[in-house]
Amino acid sequence: MALRRLTGYRPALGGVIYFAVAFSLGLYFTFAAVQGDYGLFRRAEIMAEASELEKRLATLEAQVARMENLTRRLSDTYLDLDLLDEQARSVLGFIRADEIVIR
C-alpha cells in the first residue's frame, strides 16, 4: 500500500497552473506599475517636464511684464521721453545733429 501511494502520486496540475497564472499576473502588474503608461517612471518624466514648463512659463511671464511696461511707457497717457528717444534711434536709425556715428 505504501508503494502504491508513492508511485501513484502526481502533483495536482490545477494547483501548478493556478500558481503559474498568479505569478504571471503578479509580474505583469508589477511591470505595469513601474514602466507602464501610468507607472512610476512615466510619473517622474511628467514631473520633470512640468518643472521645466513652469520655468519656461515664469520666463515668458517676465517677458510679458517687461513688454507691458514698455507699452505703458510709450502710451498716450504716459510718455517716457528717454524710451521714445531710444526706440527712435534703434528702430528708425535717427541720430542727433551733434552726434557722430562710427561704423
Side-chain angles (χ1 to χ4, degrees):
M1 185 114 140
L3 185 59
R4 188 171 188 202
R5 271 193 207 149
L6 290 176
T7 58
Y9 178 72
R10 288 186 302 165
L13 190 59
V16 172
I17 292 174
Y18 173 76
F19 284 112
V21 169
F23 183 72
S24 308
L25 285 174
L27 282 177
Y28 171 75
F29 286 122
T30 302
F31 177 79
V34 174
Q35 299 232 358
D37 290 339
Y38 302 102
L40 295 175
F41 289 150
R42 181 67 180 141
R43 180 178 176 147
E45 288 175 1
I46 289 172
M47 290 176 69
E49 185 178 345
S51 174
E52 182 179 324
L53 289 174
E54 285 175 357
K55 289 178 186 174
R56 186 172 176 208
L57 176 64
T59 303
L60 290 174
E61 285 176 344
Q63 288 178 356
V64 167
R66 180 180 168 274
M67 293 299 232
E68 286 175 347
N69 181 26
L70 290 175
T71 304
R72 184 185 60 80
R73 288 171 52 194
L74 288 175
S75 68
D76 291 337
T77 58
Y78 178 83
L79 184 59
D80 186 357
L81 295 178
D82 290 334
L83 182 61
L84 181 62
D85 183 53
E86 176 187 334
Q87 291 297 318
R89 289 169 179 267
S90 66
V91 174
L92 302 175
F94 285 169
I95 59 170
R96 285 188 224 149
D98 60 344
E99 293 179 336
I100 299 173
V101 177
I102 301 174
R103 293 186 187 206

Item to check | Glu86 bridged to Arg73 by N-O distance under 4.0 Å | outcome: no

Checklist entry - Looking at side-chain heavy atoms only, is the closest gap between Ile17 and Val21 below 4.5 Å? => result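 The answer is yes, as the side chains (C-beta and beyond) meet within the 4.5 Å cut-off.
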
Item to check | Asp98, CG atom: more than 12 neighbouring heavy atoms under 6.0 Å | outcome: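 Check passes, neighbour count above 12.
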
Next on the checklist: side-chain contact (heavy atoms from CB on, under 4.5 Å), that's the test. Do Arg72 and Asn69 meet it? Break it down for me.
Outcome noted: CA-CA 5 Å; Arg72 184 185 60 80; Asn69 181 26; 3.3 Å; yes

Checklist entry - Going hydrophobic residue to hydrophobic residue with side-chain gaps under 4.5 angstrom, can you get from Leu74 over to Val91? => result no

Checklist entry - From Leu70 CG over to Leu83 CG, what is the distance, rounded to the nearest 0.5 angstrom? => result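 Answer rounded to 0.5 Å: 5.5 Å.
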
Only pairs under 3.5 Å count here: list side-chain donor-acceptor contacts from residues 43-61, not counting sequence neighbours, and write none if there are none.
| unit_1 | atom_1 | unit_2 | atom_2 | d |
| --- | --- | --- | --- | --- |
| Glu45 | OE1 | Arg42 | NH1 | 3.2 |
| Thr59 | OG1 | Lys55 | O | 3.0 |

